[in-house]
Amino acid sequence: MTFVLSNPWLHGLVFGAVLVSVLMALVAFITWFERKLAGRIQSRLGPTMVGPFGLLQPIADAVKAMQKDFIVPKDADRFLFWLAPPLTIAFALATAAVIPFSKDVLAANLDVGVLYALAFSGLLAFPTWVAGWASNNKYALLGGMRMVAQGISYEIPMVMAALVPVTLAGTLSMQGIVEYQVASGWIIATPVGAAAGLLFLTTALAEGNRIPFDIPEAESELVAGPTTEYNAIGWSIFAASEYAHSVITAAIVSALFLGGWDGWWNLPPLLWMVAKTGFVFLIVTWVRWSLLRFRSDQLMALCWKYLVPGALLLVLIAGIQVSVRG
Amino acid sequence: MGYLLSTLKSLYATLRQALSKPTTVEFPKVKRERAPRIRASFALTKDAAGDENCIGCKKCEKVCPSEVITVVASKKPSPVTGKARGYADDFTLNLQACIICELCVQVCPTDAIIMVKEQEAPGFSRADLTLTMDKLYKNAETKEKWAWANATVLGEHQKPAEEKKPALAPKPVPAAAAPTPTGAPATATPATAPPATAAPTAPATAAAPATNAATLAAARSPASVSPPPADEKKGGA
Amino acid sequence: MSETTTPAAAPAAAPTPAPDPSGLTGAAGVLPGKPVDEMKAALAAANPHAAEHVQANTAKRAERQAQVTALFQERFGVGDLEVANGGPLIPAARHAELARALKDTGFTFYVTVAASHWPAQKTKTGDEPESFEVATVLRSVGPGSLQVSWRVKLAPGEELDSLAPLFAGADWQEREQFDLVGVRFLGHPDLRRLMMPDEWEGHPLRRDYAIDTRCEPWR
Amino acid sequence: MAVAVEAVATAPVVPTKAFVPDPYLDLDTYEADADLMTLSLGPQHPSTHGVFRVVLYLDGEIIVKAVPHCGYLHRGVEKLCEKLAYSNITPVLDKNDYVAPMLNEQAANMAFEKLMGIEVPLRAKYLRTLLAELQRIASHLLWLGTFAMDLGGALGGGTSVFMYCFRERELILDVFEELTGCRFHYNTHHVGGNRHDIPPGWPKLVHEALDTIESRLEAYLVMLEHPIFVDRTKGVGTIDAQLALELGLSGPLLRASGVDHDLRRDAPYGVYDLLDVQVAVDGGGDCLARYKVRLAEIRESIRLSRLLIDNVPQGPLSATKPLNMVTQFKAAAGQVYVGIESPRGELGTWLIASKDKPTNPYRFKIRPPSLHAAAAVPYVFPGHTLSDAVAILGSLDPIMGEVDR
């Protein structure tokens, strides 16, 4: 066991395998949870047939998706068309490497953890655009273009919002930020931290193109955006990566702003981290089922006119606060 | 700022809906309560003496907008009264094209074809959805499956003003003699529990078609405000 | 929801149906309702302005009606408006002129155009040639809204000038009539078939179309 | 709030947008920045509410020209009605405007009665008016749900509003089921009156349904009064009064463009002359105005229905004997037009009867209000983006069953 922990390659491999399997199981559970929650919000029951309370519904969906035929449109770019889904799920899961689950339980204790996480979540726009381009469908192309525009333009306020906890904690490593919050209170408690947290959450919604920012795959306009031509396993990988991305962003938000695994009543730290991530994910889903959708030009206007200046202001305040504190 | 405030209001609205009881039920396990007047499927009735009501006049075949009813009729001595009268040898109703418009029920002179309240009649093959004569008669076995309407009741609802006779005292139906198939429209009891089969005792709704005509006429006359208690005549059983 | 009536208690005794709280006993029963004058009084109490609207309507409509009859009388020499027959017969040449005149007197709302095909037939007054009849309806907007309609008789193949330049709404209606009955409209911006695919031949709503279908069209 | 007609109608038509939509634009004369992309919205598209295809010519994401194609749902109803007897036409017409079937039946039967000179008894007229108002509530609720879903997406807030609207509409369908036995295609009107009389417990049921709808409507409308909704609908798809009148738009579309015209008040039929119908008019002419007008109409219909259900008069329900022969109703030669106010506008019937075949109509032309809503697409789409196009089409609310007949 110690040999495995010590050798970096083996450590990464084992921890990565454990992390991915846990995350994929979590994604399966989350699809059930979201459909039940959406049902309750819309005064209906949600899945009840398959298994007790419909718990086996995700497995049923997965089996249904697997046994279907993966159809590639006639003159689509076959290699890129096939490459897009694995790329999306890879980038979505990669960001999980740096999430500090508890004192020493994390895949990679990089001291540039925040930068690594934001880089990978920023990369998500690329495979979606590839999917849109490769499936030789006008709606998919439009969806892909919108995804690139939105992904890149919301990357900037997201990075700046993440800069606030980094400046307050003084370190780029996720574990470091959490230890700072253990020492001197959660960042969400400070006013600038709360504003940055809210801003980070909104931009994270846009990054994972969740409602109200789901312009790329706007069902009522672009049929299904870049994923129009995908069916069976292709589409379910896209859906899984979207859920995985929003869970991991919830984990990053709880790590950066809500104090990670810090908690009282000496409960195990891992439990605290999972509870906070679940709470943030609940809010994301709740927002998803109660808001309408922006138009793409309004989306850009909101980003450049309000979010970017706001983020700059917050970083300025955080900087002043740190320098005053000395 | 306006975005944030009304987002919170929307979130509150969905929270309130989430906490209230869902309105959907698990359909196959829990059936939804349907209206008494639901029009689902069809049945052919027999009169008090067990003789078929249908005289093969093909009025329903002519009136059907989507031409789903086909009737083959012939004149035969009646097994019950011995007199020769019209009978339908073959009566098929193709449920696949039927638009449930209730016109056939309305034009039937002898209240032969009626609708039944059976919730849904799923068919797994085309043959299931073509109601043949024996299926139609089997549908009429259990009384509480009968829908509310037959030609008399529908006629009562649409009776124009001038013909509105005051509520006749209902003619006592001699238990033995079978009412003539044509049956006086206003008061004859077109269908009561068939004596032959050990039909379950006629629950109140089963007697409904018999007493409806009378209560309807009574209710219609402006004098009486509340419908009179069910009149003393009960269908012979 | 309503619940059905409770089953009869004892079959032997005359089963008096238990009073169904929802009042939907067997659902064949009928709501007696109120006497008519009581109903009118209740509605009048709840709707004070109803009578005003009716007067305003009749006054405005009478005024419009006078304008229309005057218009038809002077410029088109048409005595009665033959309302029962769908409006007076107007020569095809003056169709657009009448529409323009009516639009100026306030009939700004384009309602519909209905073309019908009258095959040649021998009537008592000698045999009538085959003809097409195009009826047009306009309506005035606001209180006292009045509809006015007129008909034009066309020989087969004769063209009627289109109202699309006058009313943008006429565009699709006339395309539909061309598609289904085959009446061509002169000056229509793009007269194509509206319902049928473009390469469809024949006009479905003509009396001599699809006579040999399975079910003989006239039962 | 009613804007006098003369004031608005004579207002000069100033092209509000720099981009004046020309429906018959010749594409090769249009100098586009990049080459135009033709995108076909429909016929199989989540937000065309039925089978309707609009070929969009996009310059970037701005629509330059929109060419609608309809006819995918053409079933030849008018040819079929020429074969059917007068009593058989009603069940076929339920399927025309399948969101408000009561109104289709009423329009056709009023035309038959006018042609045959039958005077419908007061109770039947009363019941028809009441059923029309209840059906208007159900139809507008369905529109509200699909409009929210067009703006909110199938997996988001829009669907929540859609589910709530359908839950409320269910109540009205149950009320109709209590009366006629069918939830959707009722065949309850016939020449000379109605076929199903009111069961005794019905008023209580109607009151329950109306109270629940009114209380719940306030609960989730807060989700629609959201700045995102206002941004998506304000100033989008503006139709001014002049263009609306020319296009023959009617009903909520005309009233949203500022023209104060409602057949229920201006040319009353049925029992509307006893009622004081508050006509909601909003001068905006954009999607938001259409939303407000339809919402006001829901509230007005709830008020009218409550008033009507309490005072149902006595008397017979039909002026003609109950149907016993298919050739029972015969019409003398003549032509007649009757228009009524359906939730989408003026729904009319032009009926021609001939002497040689009195039991069938000679020509049966239906004037669908949705045809004019669909015909307005080339005048309204240009200058907007694709997501606006979806919002505008949702607010125009064409029902393809009615457009294509």
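Letters go in sequence order (proteins before strands), and every chain restarts at 1.
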Does the distance from a Lys or Arg side-chain N to an Asp or Glu carboxylate O, for [X] and [Y], drop under 4.0 Å?
X	Y	result
D/Arg255	D/Glu341	yes
D/Lys365	C/Glu176	yes
D/Arg367	D/Glu346	no
D/Glu82	C/Arg207	yes
D/Arg264	D/Asp273	no
D/Asp310	C/Lys34	no
C/Asp208	C/Arg206	no

Worksheet item: Are there residues of residues 96-107 of chain C that reach to under 4.5 Å of chain D by heavy atoms, and which ones?
Response: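 So far as heavy atoms go, C/Lys103 are the residues that approach chain D to under 4.5 Å.
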Working to the nearest 0.5 Å, report the span between [atom1] of [X] and [atom2] of [Y].
X	Y	atom1	atom2	answer
D/Gln278	C/His49	CD	NE2	6.5 Å
D/Leu317	D/Leu127	CG	CG	6.0 Å
D/Ser354	D/Gln335	OG	CD	10.5 Å
C/Arg151	C/Ser116	CZ	OG	9.0 Å

Fill in: Heavy-atom donor-acceptor pair, C/Ser162 side chain to C/Ala164 backbone, under 3.5 Å
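Flag set: sc C/Ser162 to bb C/Ala164 pair under 3.5 Å.
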Practice prompt. Examine distances only and state if a side-chain atom of D/Asp404 and a backbone atom of D/Leu73 form a donor-acceptor pair shorter than 3.5 Å.
Written response: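 Checked: pair present.
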Item to complete: Could you have a look at C/Met196, C/His53, C/Glu38 and say which one has the most heavy-atom pairs with chain D under 4.5 angstrom?
Response: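 Highest number of pairs under 4.5 Å: C/His53.
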Discussion item. So which residue, C/Val36, C/Thr108, C/Thr112, C/Val111, ends up with the most heavy-atom pairs under 4.5 Å with chain D?
Written reply: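 The option with the most such pairs is C/Val111.
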Proximity breakdown for [X] and chain D, heavy-atom pairs closer than 4.5 Å:
X	value
C/Asp171	side chain
C/Ala115	backbone
C/Leu180	side chain
C/Arg193	neither
C/Glu52	neither
C/Thr58	neither

Looking only at heavy atoms and a cut-off of under 4.5 Å, which of [options] has the most pairs with chain C?
options	value
D/Pro68, D/Gly181, D/Ala376	D/Pro68
D/Lys355, D/His196, D/His69, D/Arg405	D/Arg405
D/Pro313, D/Gly71, D/Ala85	D/Pro313
D/Gly76, D/Ala244, D/Gly348, D/Ser250	D/Ser250
D/Val336, D/Leu275, D/Asp356	D/Leu275

Of the backbone (N, CA, C, O) and the side chain (C-beta and beyond), which part of [X] lies under 4.5 Å from a heavy atom of chain C, both, or neither?
X	result
D/Leu254	side chain
D/Arg303	side chain
D/Leu80	neither
D/Ile352	side chain
D/Ala374	both
D/Pro203	side chain
D/Leu371	both
D/Tyr362	both

Practice prompt. Give me the one residue out of C/Arg61, C/Arg64, C/Gln147 that meets side-chain hydrogen bond (donor to acceptor under 3.5 Å, both in side chains) with C/Ser140.
Written response: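 Exactly one pass, corresponding to C/Arg64.
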Discussion item. Angle between ring planes, C/Phe76 versus C/Phe72, binned at 30° and 60°: parallel, tilted or perpendicular?
Written reply: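 C/Phe76 vs C/Phe72 ring planes: tilted.
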Discussion item. So, using ring pair (Phe, Tyr, Trp, His ring centres under 6.0 Å) as the criterion, who are the partners of D/Trp350 when residues are at least two apart?
Written reply: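 Ring pair (Phe, Tyr, Trp, His ring centres under 6.0 Å) check on D/Trp350 returns nothing, list empty.
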